[in-house]
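As structure tokens, the structure follows; a few thoughts come after it.
The basis for the numbers below is simple: all heavy atoms, side chains too, and nothing from hydrogens, waters or symmetry mates. Here is how names work: the chains are called A, B, and so on, in the same order as the sequence lines, proteins then strands, and each is numbered from 1.
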Amino acid sequence: MDVGPVMAPAPAPSWKLADTVAAQTQGLVVTGFGGLPAGRALLLHFGWPIGGAKKGFLDRLLAVAPITNATPPGDPTTQTRAASIAFTGTGLRQMGLPETALASFSRPFQEGMFQEDRLRRLGDRRDGNWLATVVKNGPVWSANTPLCTLPPVPAGAFVVPPVGAAEQDVDTEMTVHALLLLYTQDDAAAQSWTGAVQTVLAADDIVVVRTLDLKVDVGLAGGFSREHFGFADALSQPLPYDAGNAVLVNGQPAQQADPVQGVPLGEFLIGYIDGHHEKAPGPVVADDPVARDAGLLPSIEAEGFCDLGLNGSYLVARELKQDVAAFWRSMEKNAEAMRSRDPQNAAHITGAWLAERVIGRDKDGHLLCPANSVLPACSDGSPDSSFLFYDRDPHGAGCPAGSHVRRAFPRDALAPTANDRSTLLQAANNHRILRRGRKFGPKIADPTEDDGADRGLLFMCLNTDIERQFEFVQQTWLLNSSFATLFQEVDPLVGPAGRMSIRDEALRRTANVDTFVRMAGGDYFFLPSLPALRYLTNL
Amino acid sequence: MRQTTLSVPLEVKPESCSCLTVLIDALKQREDKGANPEVENFARIVQFVPTLHFMSMSVFPASEYDPIFILEANFDGAPGPFWGQLEAVLGNDLRAILRCCKRPLDATGALYDAVVAPGSSAPVAPYLEARTQRPSVFHNGNRGLTRARISDDYALFLAARDELDKPAPEGGPHYHSLTPAALHKTLRAAMLPGHGWLSEPVPKRISTAENLADWMRLIVYVVLALVVLSSPGLLLASLVPGGGDLAIMGVVALIFFGLTYLNRHGLPGKEIKSRSNIPAFLLGQSGKFGLVAVIYVLGASIVITPIVWLATHLLPDSVIGPALGLPAAFWPTVHVVLLGFCSLLLLTVPLLLFLVRRDEMADSSQDAPNVNDGMLRDMLQREDWVVQNHMGSIVLIKPGILRMIIIRAGHLGLFLVLRLVARDGYLGSMRTVHFAHWAFLNNGSRLLFFSNFDHSWGSYLDDFIEKAHGGLTLAWGCGVGFPTTRFLVLDGASHGRQFKNWALASRAVSRFWYSAYPDLTVDQVERNNRIANGLRRTSMTDNEATQWMLDL
């Protein structure tokens with residue numbers, strides 16, 4: 001086979017939206033604003049009774065924090081600030097969005113992340129008890145979505161009272177109605193902007209119930225940042241395409257899928273064809289002059305309604321606290337235990353060796369490969385994320401079968417035979433999320449010493465089908481105790497304490513990892529398009 | 001080992017339906033001591049019904065019929081012993097359930113009366129056995145592995161796992177120091193005392209008789225199908241003598257293929273460009289089809305020739321012509337069989353395709369079926385507690401004689417093919433189904449589907465949508481309201497969201513659901529079995545052991 005000279009692969013291409021779409025879409029869809037390394041996440045609570053919003057409050061907020069659209073800035077270095085905004089279901093109700101419009105959102109959004117059955121599937125709560133992957137005493141914030149009240153059933157002549165427990169209403173201390181993200185070039189700018197925003201909010205009865213100081217430290221090749229445990233983060237992202245020319249890659253319409261990372265735009269943006277060959281559905285509002293003036297387009301399916309969802313998305317946010325000292329101590333403790341169990345053959349096992357296997361990449365983000373090697377970097381020195389698993393490492397000899405990167409996106413690793421590789425890769429790509437998370441909290445001085453500071457990741461991702469994308473990744477890949485023919489083990493990084501199998505030569509070894517990541521709050525948000533945002537200002 | 005999959009559908013007295021659901025919920029609560037760590041879940045059933053793999057009890061509401069109660073069971077061996085065991089554990093609960101069901105009109109009515117009479121202690125098993133419905137298609141993920149063997153393999157897996165994780169013995173080598181062959185030997189020696197059965201040979205999963213029966217049934221099916229499909233040609237040959245028949249067939253083929261070609265597109269925006277290219281696939285299989293054709297034509301001719309020969313000797317010349325010798329009878333027979341076979345390709349298939357497509361274009365679909373919020377909540381509340389889940393669904397079947405024939409023949413064919421193809425647990429590239437079956441209800445007007453599968457319901461359906469949409473569309477596309485299909489296998493289930501909505505709306509709450517091994521996926525059962533089969537061997541080469549160790 002003629003493979004030609006071995007060349008380093010090109011780094012993943014960047015993509016953007018076609019101009020007409022970009023002008024209507026929030027910038028967060030196309031970028032995590034890596035050029036603006038500081039920032040704040042403000043969790044907002046609307047203090048007024050339902051429907052009692054002060055007229056024009058959103059206009060005043062958007063005047064002090066104008067929302068950035070997806071049109072790329074002419075010269076990225078001159079961009080000094082950017083902002084994004086998203087609302088929870090309870091927030092939209094509070095703002096006065098009619099019940100019919102609220103009922104047109106997807107079921108997970110309407111029910112909220114803290115619905116009892118959802119929390120069980122997400123690995124947060126079971127049988128009325130918070131699990132180990134949640135902060136002590138339970139999460140502190142959510143949308144506090146009330147229980148879905150079913151319409152009263154008329155008393156039937158032969159109805160017998162049911163047995164079994166009724167659904168629990170799971171509440172948190174803080175009720176979050178909106179998430180405002182501010183991105184700036186440095187922390188001082190973030191600080192002063194936040195102050196200006198807070199002044200405006202306070203006058204309108206809006207309370208900032210929680211503030212997280214977002215940051216990236218872009219020091220790695222390819223513009224990647226490290227998360228608090230010390231590993232390069234957010235390396236592998238889906239690459240959207242759209243048969244209707246809404247996506248541009250290198251200035252050209254991307255109508256075909258990238259062989260590894262290609263995912264239809266409808267997976268992330270409402271109104272476009274998604275991975276199940278359907279237009280990703282979104283909410284609608286009545287077709288009236290307010291909707292038309294805001295720039296909403298009439299719905300094709302629903303006569304008499306306008307699309308509120310078009311060019312919007314659903315944003316999943318989870319505040320994940322990271323216990324850095326516990327992570328590294330657990331790695332060292334396990335490495336020592338593994339060495340003492342097998343003094344003759346386990347001298348190579350160190351805390352760092354184990355930590356890399358928990359992640360599946362080395363600290364700089366290069367994929368672990370068989371024979372103790374890593375995948376060569378791209379031509380710009382950034383980690384290569386265009387790999388597949390089946391041919392390179394079918395049994396997880398390099399990148400363990402249960403490692404975080406393999407669980408978070410198995411690519412073709414779950415194919416039973418070589419003939420199924422492409423089918424399984426395609427299937428895996430039907431469950432992708434566009435990650436937009438940022439870390440918060442100070443960098444730890446000594447990773448093995450707990451300094452008591454709050455730090456972690458504000459996990460954020462965009463998707464149009466929360467159940468098939470975010471919830472699937474969490475339930476069927478990360479926290480699936482039978483993933484890839486493993487048994488009774490879950491994601492070693494984000495899951496609860498438990499075992500992890502690591503193939504070392506022909507035989508596997510077992511580590512017993514602790515819990516390092518705990519959820520402190522979260523919920524599902526609607527990230528409106530700019531016309532939809534204009535519509536909301538006029539409620 | 002023979003395994004049985006069955007269901008018992010019983011019509012419910014509408015006035016007793018609410019009482020029945022409460023009875024089933026209460027029974028589930030009593031047997032499943034999930035919250036009490038001291039007691040094993042479903043301990044009584046685990047102990048006293050040792051052949052049972054999976055069992056469910058659901059009540060399906062319907063807007064067209066009274067509710068229907070269905071007990072689904074998947075177990076080892078014949079039904080007799082199973083019903084006896086179940087009677088001993090749940091006899092009186094089942095009697096209370098039966099009292100909520102209608103008395104049947106057929107001969108089983110007397111059995112029903114005896115069971116539900118006030119104060120009756122007559123056994124319920126005979127009645128349930130008499131009302132049993134056999135599946136039209138079923139699939140066993142771990143075919144031939146008995147419940148006892150799955151449990152033994154599992155216990156061995158856990159013991160071997162602990163053994164491998166032990167520290168190296170004082171001064172001795174750790175398992176990592178051993179060659180693969182030596183590791184196998186050492187591990188076997190460590191496991192033998194606790195698992196004496198390792199010294200017995202590997203039991204056969206599929207007996208020779210079962211295997212032979214699977215093959216024979218499929219061969220008979222294929223031959224009969226070919227005969228039926230080629231019969232129009234035989235008829236035509238007798239009506240149009242002397243070569244005209246082939247010409248007629250050619251014209252018919254042109255017309256119907258042409259009409260079908262014109263109708264090949266779906267609704268705008270509903271047609272999916274499939275990655276699988278069916279014509280290319282069929283062309284790729286043409287070698288196999290050719291082989292079957294040659295075998296069929298020769299085989300059928302050899303079988304029919306003596307009959308023709310005999311007929312020419314027994315019947316008067318005026319009926320069938322003068323008496324022939326065997327070779328002289330052979331060639332005309334080949335000619336007729338071949339003609340029949342040509343008519344299959346030129347007459348029957350184009351006509352059927354045209355009719356199928358015509359029906360499909362006039363079919364209504366239900367893009368947004370009504371899902372009852374209360375029932376959905378009842379379903380979700382019971383899901384995703386363990387790695388396995390359960391679903392039951394009933395759909396109405398589209399009317400029409402052509403459709404009825406296709407469904408019946410299709411289900412039978414699918415069943416026979418699955419018996420031969422799906423022996424290692426894989427359905428296509430999926431290995432997540434433990435026991436699943438389809439069955440016809442109400443004189444074939446409703447289709448019942450039950451599945452005991454791994455992972456969430458959403459991921460189970462996504463698996464089908466992403467990896468096996470063609471087969472699923474073929475099997476379920478006969479359901480009223482199914483997303484629009486093309487040529488029986490295209491589009492349909494590829495419309496993921498629509499298909500999921502449709503499937504969701506057809507479901508009932510799995511109120512009582514029992515799994516004998518709720519922690520094990522199909523994949524894990526096979527893994528445990530591979531480890532066990534390896535440890536049954538007294539020795540392995542290094543190469544064999546290296547391969548086997550991938551499962552440890």
Side-chain angles (χ1 to χ4, degrees), chain A residues 116-118 120-121 126-127 148 150-151 153 156-164 167 274-279 281 340-346 395 414-417 419-420 422-424 426-427 430-431 465 467-468 471-472 475-476 480-482 485 487-488 503-510, chain B residues 14-19 21-22 25-26 29 34-35 157 161 164-168 173-177 180 183 269 272 275 373-374 377 380-381 383-385 387 426 428-429 431 454-456 458-459 462-463 465-467 494-498 519-521 523-524 527 545-546 549-552:
Chain A
E116 184 180 291
D117 303 312
R118 248 169 240 295
R120 181 173 68 253
R121 295 206 297 273
R126 200 180 161 93
D127 271 332
C148 282
L150 300 172
V153 182
F158 308 105
V159 171
V160 179
V163 296
E167 183 176 353
D274 67 11
H276 277 178
H277 315 283
E278 294 159 327
K279 243 189 215 174
S340 78
R341 281 203 294 272
D342 180 15
Q344 290 174 6
N345 311 292
H395 305 295
L414 301 179
T417 68
N419 288 336
D420 301 310
S422 137
T423 308
L424 270 286
Q426 296 277 348
N430 272 344
H431 306 278
D465 188 337
E467 281 176 350
R468 178 166 57 80
E471 290 183 356
F472 182 100
Q475 182 186 10
T476 307
N480 179 354
S481 63
S482 304
T485 325
F487 187 64
Q488 289 178 336
R503 190 155 296 285
D504 187 17
E505 306 292 334
L507 188 62
R508 54 117 187 110
R509 296 181 189 275
T510 306
Chain B
E15 300 84 354
S16 301
C17 185
S18 171
C19 174
T21 56
V22 170
D25 280 343
Q29 281 196 350
F157 166 81
R161 187 175 75 170
L164 290 172
D165 286 341
K166 274 188 190 164
H174 190 266
Y175 277 99
H176 271 272
S177 306
L183 181 146
I272 289 171
R275 273 181 292 122
D373 280 339
R377 161 72 187 142
L380 293 173
Q381 197 174 22
E383 275 175 15
D384 296 316
W385 290 92
V387 293
Y426 280 108
S429 54
R431 195 191 236 174
D454 294 325
H455 314 313
S456 72
S459 78
D462 282 340
D463 264 352
I465 293 162
E466 290 154 6
K467 301 170 195 166
S494 300
H495 293 286
R497 191 185 308 266
Q498 263 182 42
D519 299 329
L520 300 180
T521 58
D523 220 24
Q524 184 64 27
R527 176 187 176 195
T546 305
M549 279 162 64
L550 290 173
D551 278 320
L552 286 180

Checklist line | Under 4.5 Å from a heavy atom of chain A, the part of B/Q29 involved | finding: side chain
Notebook entry, point to check: Do other residues, nucleotides or ligands put more than 12 heavy atoms under 6.0 Å from A/Q488 CD?
Noted result: yes
Checklist line | Heavy-atom side-chain proximity of A/S481 to B/V387 below 4.5 angstrom | finding: yes
Check: Going from CZ on A/R121 to OG on B/S456, what distance comes out if it is rounded to the nearest 0.5 angstrom?
Finding: 7.5 Å
Next item on the list: Would you please say whether a donor-acceptor pair under 3.5 Å links the side chains of B/H176 and A/D504?
Entry: no
Notebook entry, point to check: When rounded to the nearest 0.5 angstrom, what is the spacing between NE2 in B/H174 and CG in A/L507?
Noted result: 8.0 Å
Note to self: So which residue, A/D420, A/L424, A/N345, ends up with the most heavy-atom pairs under 4.5 Å with chain B?
What the structure shows: A/N345
Checklist line | Donor + acceptor pair across side chains of A/Q475, B/D384 (<3.5 Å) | finding: yes
Checklist line | For chain B, the option from A/E471, A/K279, A/R509 that forms the most heavy-atom pairs under 4.5 Å | finding: A/R509
Note to self: Between B/A545, B/P173, B/G496, who has the most heavy-atom pairs with chain A when the cutoff is under 4.5 Å?
What the structure shows: B/G496
Item checked: CD on A/E278 to CZ on B/R497, rounded to 0.5 Å -> 6.0 Å
Item checked: Shortest non-hydrogen contact between B/S177 and A/Q344, atoms and distance -> OG-OE1, 2.9 Å
Checklist line | Under 4.5 Å from any heavy atom of chain B - which part of A/N480 | finding: side chain
Note to self: As an exercise: rank B/V22, B/D519, B/D165 by heavy-atom pairs under 4.5 Å with chain A and give me the winner.
What the structure shows: B/D165
Notebook entry, point to check: Of the backbone (N, CA, C, O) and the side chain (C-beta and beyond), which part of A/F487 lies under 4.5 Å from a heavy atom of chain B, both, or neither?
Noted result: both
Note to self: Looking at chain A, which one of B/Y426, B/F157, B/W385 has the largest number of heavy-atom pairs inside 4.5 Å, strictly under?
What the structure shows: B/W385
Item checked: Contacting region of A/T476 [heavy-atom separation from chain B under 4.5 Å] -> side chain
Check: Side chains of B/H455 and A/S482: does their closest heavy-atom pair fall under 4.5 Å?
Finding: yes
Next item on the list: Compare every heavy atom of A/P416 with every heavy atom of B/S429, then report the nearest pair and how far apart it is.
Entry: O-CG, 3.8 Å
Notebook entry, point to check: Would you say B/R527's side chain and A/T485's backbone share a donor-acceptor pair under 3.5 angstrom?
Noted result: yes
Note to self: For B/K467 versus A/A427, what's the shortest heavy-atom pair and its separation?
What the structure shows: CE-CB, 3.7 Å
Item checked: Options B/T21, B/D454, B/L164, B/L520, ranked by heavy-atom pairs under 4.5 Å with chain A, top entry -> B/L164
Check: Checking heavy atoms, do the side chain of A/R120, its backbone, both or neither come under 4.5 Å from chain B?
Finding: side chain
Item checked: For chain A, the option from B/T546, B/D463, B/L552, B/D462 that forms the most heavy-atom pairs under 4.5 Å -> B/D462
Next item on the list: Apply side chain to side chain contact (heavy atoms under 4.5 Å, CB included) to the pair B/R161 and A/R508, showing each step before the final yes or no.
Entry: CA-CA 10 Å; B/R161 187 175 75 170; A/R508 54 117 187 110; 3.6 Å; yes
Check: Can you name the nearest heavy-atom pair linking A/R503 to B/L550, along with the distance?
Finding: NH2-O, 2.8 Å
Next item on the list: Sort A/E167 into side chain, backbone, both or neither according to what part of it lies under 4.5 angstrom from a heavy atom of chain B.
Entry: both
Note to self: As a quick check of understanding, evaluate side chain to side chain contact (heavy atoms under 4.5 Å, CB included) for A/R118 and B/L380, giving each step before the final call.
What the structure shows: CA-CA 9 Å; A/R118 248 169 240 295; B/L380 293 173; 5.8 Å; no
Next item on the list: Using only heavy-atom distances, determine whether the side chains of B/E466 and A/H431 contain a donor-acceptor pair under 3.5 Å.
Entry: yes
Check: CG/A/N430 to CD1/B/I465 distance, rounded to the nearest 0.5 angstrom?
Finding: 9.0 Å
Checklist line | Engaged part of B/Y175 at the chain A interface, taking heavy atoms whose separation is under 4.5 Å | finding: both
